[in-house]
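Each remark here refers to the structure printed beneath this line.
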2 protein chains.
Amino acid sequence: MKDRERAAPKRVTMADVAERAGVSPTAVSLIMNRREGTRVSEDAARRIRAAADELGYRPNLTARALSTQKSHVLGFISDLVTTDRLASGLIRGASQEAKKHGHVLLIAETDGQSGAAEEAFSALTDRQVDGIIYAATRPQSLSIPVRATGGTPVVMLNAVSDDVAGAVIADEYAGAAAIVQLLLDAGHTSNVVILGRSLDQPDDEWLTFAVRRRLNGIWDTLHSAGVVPVAQIPCQPWSVNNGHRGVRDLLDNGIRPGALICLNDRLAFGAYRALTEAGIRPGGDVAVISFDDDDIAVYLDPPLTTAAIPFEAMGAQAVQLLLQRDRVHGQQLVDMPIRVRNSVTIPAQLDLRLTHANDDERSAR
Amino acid sequence: MKDRERAAPKRVTMADVAERAGVSPTAVSLIMNRREGTRVSEDAARRIRAAADELGYRPNLTARALSTQKSHVLGFISDLVTTDRLASGLIRGASQEAKKHGHVLLIAETDGQSGAAEEAFSALTDRQVDGIIYAATRPQSLSIPVRATGGTPVVMLNAVSDDVAGAVIADEYAGAAAIVQLLLDAGHTSNVVILGRSLDQPDDEWLTFAVRRRLNGIWDTLHSAGVVPVAQIPCQPWSVNNGHRGVRDLLDNGIRPGALICLNDRLAFGAYRALTEAGIRPGGDVAVISFDDDDIAVYLDPPLTTAAIPFEAMGAQAVQLLLQRDRVHGQQLVDMPIRVRNSVTIPAQLDLRLTHANDDERSAR
DNA sequence: GACGTAGGTCCTATGGAGGCC
DNA sequence: TGGCCTCCATAGGACCTACGT
């Protein structure tokens with residue numbers, strides 16, 4: 001009788017239902033879960049269902065988890081608290097897929113500090129999550145604190161790791177190949193410029209496996225078509241200002257691009273600015289393609305044709321991987337959809353075969 | 001002995017520690033939790049701590065939750081799956097604050113469908129969350145399915161509700177007043193134009209309580225200074241294209257703004273474009289202020305001075321509210337920081353007293 | 001003052017008691 | 001008397017705590 005501050009009406013429990021239906025708690029449990037092996041009389045079952053209904057009974061999943069060792073909760077850890085919001089799609093995709101399977105997401109963040117990852121893993125395993133998704137906002141190789149894992153299955157998302165088999169990442173190579181092919185098919189084969197990285201540039205921290213694949217996709221495709229770029233502009237980081245500077249310098253050097261392959265949308269934004277300042281119309285005078293499908297891609301004028309990172313699909317895929325009984329090993333590559341917009345002029349006949357990204361402007365407030 | 005598929009090494013339990021230390025589980029429990037009322041000998045305590053350490057003992061929080069009725073888990077429900085990522089800061093702020101208090105976030109989304117909210121609340125209460133944050137990506141009034149709540153405390157985040165007392169929202173009125181005051185202090189008092197909504201416009205779905213407050217802040221401040229706008233441009237939704245059209249029409253009508261108050265950053269982006277096309281330099285020829293501190297605000301040239309929605313602070317505040325023993329009622333207003341950038345030219349003497357937003361371009365990949 | 005026992009949290013899995021043919 | 005089907009009691013699962021020694 002210590003119902004002083006706990007004004008909560010005390011959840012109705014299995015015992016309550018059992019009592020009202022005049023059966024044992026066991027019978028209630030059997031009815032509420034599996035119906036196979038009908039071990040309860042139809043009459044009792046009816047009474048139980050009725051009682052559960054009237055009392056508004058809902059099973060206590062914590063207790064169930066304790067008993068079954070399955071919590072139906074998945075952990076989601078993201079590597080660092082970034083200031084941009086690119087990767088929130090990962091969570092969203094994962095969350096929706098989890099919901100489909102009756103699971104729910106417990107999230108934790110490693111705020112960059114070392115030791116934080118271990119702490120995050122522990123916080124989740126202590127709560128008996130059935131599996132953990134370890135996600136990065138930028139593709140990279142992460143090490144996981146195996147000790148803190150306690151045997152809980154882990155899949156990497158937008159990242160890879162030597163410590164674990166499953167990983168879901170964007171198919172950068174194929175995506176790059178596809179969008180460059182689109183550019184070439186549209187006839188933009190001369191004066192091709194690559195903005196963001198030069199092959200002559202020494203390896204550095206920015207050359208992650210994902211960037212490498214993206215570059216390979218680009219170069220292989222150009223090469224297959226016998227196209228040789230007239231210029232490569234290295235810049236680090238891939239920011240608006242660097243894109244702007246890069247293209248401005250290019251123009252100052254008297255090189256006028258016919259097609260511009262930007263390694264991400266921010267660079268493209270900067271490029272647009274430099275081109276416009278020089279009186280060159282993006283989309284009209286020069287074809288532009290890019291990567292990521294950042295928010296700004298739609299806002300640009302003309303809207304940018306870009307290879308999107310399929311964050312939501314990747315998140316969903318990670319959940320599937322985790323929930324599959326027979327684990328698939330190795331990397332799962334997810335297609336990068338090409339958002340066909342107007343920064344590349346496309347001959348009518350080719351155009352018929354393309355599906356254009358149809359973004360009505362997203363409305364705000 | 002059914003360790004067939006469950007290859008997991010079986011977590012070490014309190015009983016294991018007790019056995020190794022030669023004490024009862026109770027003693028272990030006492031040591032692992034509260035130390036007050038030293039009811040265990042220092043010697044035993046030492047042995048217990050040693051044993052726990054050697055075995056790598058970690059308490060099973062599921063079991064603890066079952067017995068204490070406190071899960072140290074907070075639920076986070078967001079209202080609808082929006083395509084933009086503005087509000088991910090809410091989760092981030094909440095998550096970080098929760099972590100500080102030894103809590104963790106369980107997330108659920110109501111995918112817009114009716115009934116989904118109830119389902120989400122149930123999914124969380126079934127798992128014994130200690131409290132629920134009900135967040136909206138756009139400020140609005142939401143009704144909560146009280147039945148499914150089961151007495152679990154709820155606070156609204158970036159939203160309000162008639163069904164619940166606590167709510168955390170941005171202080172739109174004060175934010176608007178502050179940024180308009182900044183504009184006026186900088187001397188931009190003539191040819192003021194408001195872009196986004198006209199007072200003559202009839203009430204509609206876009207006129208949420210948040211927008212109303214934002215508008216009131218603007219108008220009251222202008223009024224106090226005796227400033228009367230030369231034009232108000234209604235547009236719905238607040239998109240880049242509408243901002244562009246609005247300002248272009250304005251210029252076509254021969255009105256040349258001296259100061260432009262945009263109701264959000266997307267409108268501002270469109271305005272920039274229209275101004276630039278007309279040969280007018282934003283920041284130089286016309287001062288521009290705005291709201292939201294969207295990603296694009298930094299990318300613009302010149303970077304946009306805007307009143308930021310403090311998503312992270314709001315998320316943190318919601319957690320605090322939830323965790324406070326003595327609940328504070330009513331709405332918690334969170335300050336909107338003014339990001340002072342270069343779209344408003346500021347006299348040197350005033351400038352000294354301002355803190356400028358110092359955004360080095362965020363680096364990508 | 002130091003410690004153990006037993007009972008409570010709620011659900012599930014298993015073996016076994018009882019009834020019927 | 002044995003076989004079979006109903007149903008239920010009991011024993012966990014890992015922890016906390018009131019009480020008793």
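In what follows, chains carry the letters A, B, and so on, assigned in the order in which the sequence lines appear, proteins first and then strands, with residues in each chain numbered from 1.
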Counting just side-chain N and O atoms, does [X] come under 4.0 Å of either OP1 or OP2 of [N]?
{"X": "Thr13(B)", "N": "dC15(D)", "result": "yes"}
{"X": "Ser24(B)", "N": "dG4(C)", "result": "yes"}
{"X": "Tyr57(A)", "N": "dC11(C)", "result": "yes"}
{"X": "Asn60(B)", "N": "dG13(D)", "result": "no"}
{"X": "Thr26(B)", "N": "dC3(C)", "result": "no"}

So Gln320(B) and Gln332(B), do their side chains get closer than 4.5 Å, heavy atoms only?
no
We want to know whether Gln96(A) and Glu109(B) form a side-chain donor-acceptor pair, criterion being a heavy-atom distance below 3.5 angstrom.
no
In this structure, how many angstroms lie between the [atom2] atom of [N] and the [atom1] atom of [X], rounded?
{"X": "Lys70(A)", "N": "dC10(C)", "atom1": "NZ", "atom2": "P", "value": "23 Å"}
{"X": "His72(A)", "N": "dC11(C)", "atom1": "NE2", "atom2": "C1'", "value": "13 Å"}
{"X": "Asp16(A)", "N": "dC10(C)", "atom1": "CG", "atom2": "P", "value": "9 Å"}
{"X": "Leu30(A)", "N": "dG15(C)", "atom1": "CG", "atom2": "P", "value": "14 Å"}
{"X": "Arg11(B)", "N": "dG13(D)", "atom1": "CZ", "atom2": "C1'", "value": "13 Å"}
{"X": "Gln69(A)", "N": "dC10(C)", "atom1": "CD", "atom2": "P", "value": "19 Å"}
{"X": "Asp126(A)", "N": "dA14(D)", "atom1": "CG", "atom2": "P", "value": "14 Å"}
{"X": "Arg64(A)", "N": "dG12(D)", "atom1": "CZ", "atom2": "C1'", "value": "17 Å"}

Work out which heavy atom in Pro310(A) is nearest to a heavy atom in Ala170(A); give both atom names and the distance.
CD-CB, 4.1 Å
So which atom in Ala65(A) and which in Gln128(A) form the shortest heavy-atom distance, rounded to 0.1 Å?
O-NE2, 3.6 Å
Criterion side-chain contact (heavy atoms from CB on, under 4.5 Å) against Ile132(A), the qualifying member of Leu74(A), Val155(A), Thr152(A), Leu322(A)
Thr152(A)
For Pro59(A), which contact category applies under a 4.0 Å heavy-atom criterion: base, sugar-phosphate, or nothing?
sugar-phosphate
Which part of the nucleic acid, if any, lies within reach of Ala65(B) when heavy atoms closer than 4.0 Å are counted: base, sugar-phosphate only, or nothing?
nothing
Between dC11(C), dA13(C), dC16(D), which nucleotide has the shortest distance from any of its atoms to the side chain of Ala63(A)?
dC11(C)
Which one, dC8(D), dT12(C), dC16(D), comes nearest to the side chain of Ala27(A)?
dC8(D)
Using heavy-atom distances to pick each residue's nearest nucleotide on DNA chain D, tell me which of Val28(B) and Leu66(B) is more 5'.
Leu66(B)
With nearest nucleotides of DNA chain C determined for Ser67(A) and Gly22(B) from heavy-atom distances, which residue corresponds to the more 5′ nucleotide?
Gly22(B)
